[in-house]
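Working notes, beginning with the structure itself.
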Amino acid sequence: MIDEEAVSVTQSKKNRTTVEIHNRKYTIVGEEPPHHIQMVAGMVDQKMKEIQEGNPHLDTTKLAVLTAVNTMNDYLKLKDEYTDLLDQIQKKERKKNG
């Protein structure tokens, strides 16, 4: 059971950070430090600018979706590379110890 005091403590740990993405201001609420949120927002803004340069006809919604798709694609590639590197390390460790 969660009491009101626990909820207010959890909520008080959250930071509110105002950022600008694609010329619009957003308030992001989260546990990460403000400089981290600003860095993430800056990267999203930069990715949107890159995509818009190649596709100037896109409306904001389509631009946002393409940005999300491109970002998730980059994330999945990095995740696969990370998994491959871990596998290589484990194989080397097994060879070394086995």
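- Ionic pairing of E20 and K25 is present here: one or more N-O contacts between side-chain nitrogen and carboxylate oxygen are shorter than 4.0 angstrom.
- Rounding to the nearest 0.5 angstrom, the gap separating the CD atom in Q52 from the OG1 atom in T60 is 7.5 Å.
- Residue pairs meeting the side chain to side chain donor-acceptor pair (under 3.5 Å) criterion with at least one partner in residues 75-98, sequence neighbours excluded, are absent.
- Residues passing the side-chain hydrogen bond (donor to acceptor under 3.5 Å, both in side chains) test with N70: none are found, sequence neighbours excluded.
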Worked verdict on H35 versus T17 for side-chain contact (heavy atoms from CB on, under 4.5 Å): CA-CA 9 Å; H35 69 274; T17 307; over 6 Å; no

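- Contact detail for I21 and M48: the closest heavy-atom pair is CG2-SD, 3.6 Å.
- Rounded to the nearest 0.5 angstrom, K47 NZ and L66 CG are separated by 11.0 Å.
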Full working for side-chain contact (heavy atoms from CB on, under 4.5 Å) between I51 and N55: CA-CA 6 Å; I51 293 171; N55 304 280; 3.9 Å; yes

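- Heavy-atom minimum distance, K14 versus V29: CB-CG1, 3.9 Å.
- Between E31 and N15 the shortest side-chain heavy-atom distance does not fall below 4.5 Å.
- Residues meeting the side-chain contact (heavy atoms from CB on, under 4.5 Å) test with M39, sequence neighbours left out: H36, M43.
- How far OG1 of T27 is from CD1 of I37: 11.5 Å, rounded to the nearest 0.5 Å.
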